[in-house]
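Hydrogens, waters and symmetry mates play no part in the numbers below; they use all other heavy atoms, side chains included. Source: prediction; values computed, not measured. Every number for a ligand or one of its atoms is a count from 1 in the order of the listing.
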Amino acid sequence: MEVAMVCTRVNLLILILSLCSPYKFIQSPMDFGPLNLLPTTTTASSDFGRILFHSPSAVLKPQAPRDISLLLSFLSASPLGKVTVAARGAGHSIHGQAQALDGIVVEMSSLPSEIEFYRREGEGDVSYADVGGGIMWIELLEQSLKLGLAPRSWTDYLYLTIGGTLSNAGISGQTFKHGPQISNVLQLEVVTGRGEIVTCSPTKDAELFNAVLGGLGQFGIITRARILLQEAPQKVKWVRAFYDDFATFTKDQELLVSMPVLVDYVEGFIVLNEQSLHSSSIAFPTNVDFNPDFGTKNNPKIYYCIEFAVHDYQNKNINVEQVVEVISRQMSHIASHLYSVEVSYFDFLNRVRMEEMSLRNSGLWEVHHPWLNMFVPRAGISDFRDLLMDSISPDNFEGLILIYPLLRHKWDTNTSVVLPDSGSTDQVMYAVGILRSANPDDGCSHHCLQELLLRHRRLAGAAASGLGAKQYLAHHPTPAGWRRHFGRRWERFADRKARFDPRCILGPGQGIFPRDSSSSNGAFASYS
Ligand code: FAD
């Protein structure tokens with residue numbers, strides 16, 4: 001056993017030397033003892049954004065958390081230390097966040113995929129699942145539904161990993177009611193940047209637990225998470241209502257999130273043109289007879305759609321039709337433009353998969369995705385809408401623009417997530433997702449993509465400085481930009497980095513703590 005450890009350490013030393021060498025002689029699969037280090041793949045250097053392609057020097061396919069621990073302990077103790085490591089979940093980042101230029105990408109999907117379910121009876125009767133960090137939410141849903149259970153808080157798309165969304169926040173239409181996914185985790189197993197394997201929770205090693213949630217992969221690699229579950233409904237009543245006035249649209253959204261006993265899900269989107277009306281209807285299985293006048297290129301008219309849902313538990317004596325009736329009577333949508341349909345809970349949660357399949361069939365999934373996501377304080381949402389409309393042309397916008405309210409008290413401010421400063425007692429803030437596609441085959445190649453990215457940077461900058469908005473799934477090209485992003489939370493974030501990943505090995509793709517090649521201690525000191 002000891003001999004094996006020594007061999008592994010020698011092999012790791014060879015690895016470090018080879019990675020630090022100016023000559024990239026790692027070209028074939030490497031046998032580093034029990035560590036399954038492989039040459040780089042195109043997957044490891046790309047992501048959903050298709051904007052950045054940073055190639056690592058090697059890929060680790062861990063068979064167990066100890067493989068990650070071995071790698072990180074060695075790298076953090078190595079005096080040569082320049083090698084960085086990024087965990088890669090499903091690679092659905094936009095700006096290379098899970099990439100590691102010339103470093104090592106850890107493919108989380110190779111960890112064991114079993115899920116264990118528990119019920120803690122007694123006070124509160126809690127159900128939860130222990131699940132690997134590389135498992136996708138769709139897998140957890142499929143397994144938990146067999147027991148009549150499901151997580152409470154979701155993302156719109158389920159082919160994302162547990163570790164990937166917990167490193168950000170994980171938001172969707174349930175967030176107003178249950179908080180983001182990071183508010184629905186009981187415990188984590190984490191391999192820190194020092195290589196220690198730590199089981200942490202709100203009561204044990206709480207600083208690490210809070211650091212890692214929303215921590216952008218900077219403090220440790222999540223190898224296991226304990227996710228809170230609830231009884232799953234069998235069906236969902238899914239409702240859409242259309243608006244031609246922004247103030248009425250947001251007023252009704254705020255009304256809906258004030259009724260958590262009746263409403264289970266609230267989102268909304270801008271209807272910019274025929275295409276956005278059509279593409280948003282792919283997964284909504286009923287005839288939507290809404291054919292508005294979109295005006296002219298010089299004088300466009302735009303619309304808004306609220307989407308809400310009510311869970312239908314067939315063992316409970318609740319008439320969902322009546323619940324929807326009670327809710328919709330209080331709403332002020334365009335008369336007669338409210339549509340509803342009942343679908344299975346699985347199909348409702350997995351609705352974006354249907355859109356993915358349709359886009360894949362038309363060759364429109366694997367294109368550039370210059371996305372911008374923001375959290376906007378309620379006081380600024382109308383101005384944000386105006387800034388946004390100044391930066392796009394409704395007639396040729398490809399993609400979707402989501403807008404929906406969240407409630408601050410559902411977020412734990414001890415985690416690393418960055419929200420707009422509250423400034424007042426206002427509970428409401430908005431999530432806005434500008435989910436744009438840019439198809440090179442349709443004329444949007446390099447120059448056009450750069451132009452869209454620049455527009456988003458300007459919009460994000462104006463919204464941050466003028467309205468106090470913060471980027472979600474943030475991208476800042478410089479460390480100074482990140483410091484502004486964190487604002488008064490920067491010191492805590494930097495302290496956590498110094499504590500859990502002092503050599504700045506983890507999460508290089510985020511660009512928050514770039515490693516300083518002139519310092520054998522990594523770059524931490526110069527950026528803290
Ligand atoms: P990756 O892209 O692989 O990694 C993201 C970051 O997390 C990287 O920094 C990576 O190093 C780090 N990381 C990955 N795994 C771990 C781990 N185990 N431990 C520590 N760090 C890790 N987000 C929402 O909140 N709500 C949505 O509704 C939503 N919908 C989306 C729909 C689509 C089609 C797409 C492409 C993205 C969507 N997202 C949404 C964004 C998504 O949550 C993030 O991009 C998330 O990071 C993707 O998870 P992933 O597994 O692909 O992570």
Side-chain donor-acceptor pair under 3.5 Å between Glu356 and Tyr159, yes or no?
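Side-chain D/A pair, Glu356 to Tyr159: absent.
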Kindly indicate, with the supporting measurements, whether the criterion side-chain contact (heavy atoms from CB on, under 4.5 Å) is fulfilled by Val263 and Tyr265.
CA-CA 6 Å; Val263 181; Tyr265 164 100; 5.8 Å; no
Enclosure of Arg66 CZ (heavy-atom neighbours >12, cutoff 6.0 Å)
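Atom CZ in Arg66 is not packed in, count stays at 12 or less.
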Could you check whether atom CD of Glu491 has more than 12 heavy atoms from other residues, nucleotides or ligands sitting under 6.0 Å from it?
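Open: at most 12 neighbouring heavy atoms sit under 6.0 Å from CD of Glu491.
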Residues lining ligand 1 [heavy-atom distance under 4.0 Å, listed by chain and residue number]
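Heavy-atom contacts below 4.0 Å: Phe48, Ala87, Arg88, Gly89, Ala90, Gly91, His92, Ser93, Gln97, Ala98, Met108, Thr155, Asp156, Tyr157, Leu160, Thr161, Gly163, Gly164, Thr165, Ser167, Asn168, Gly170, Ile171, Leu216, Gly217, Gly220, Ile221, Ile222, Trp365, Trp371, Tyr472, Leu473, Gln510.
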Is the His95 ring parallel, tilted or perpendicular to the His475 ring (thresholds 30°, 60°)?
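It falls in the parallel class, under 30°.
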Would you call the rings of Phe48 and His369 parallel, tilted or perpendicular, taking 30° and 60° as the class edges?
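Parallel, since the angle between the ring planes stays under 30°.
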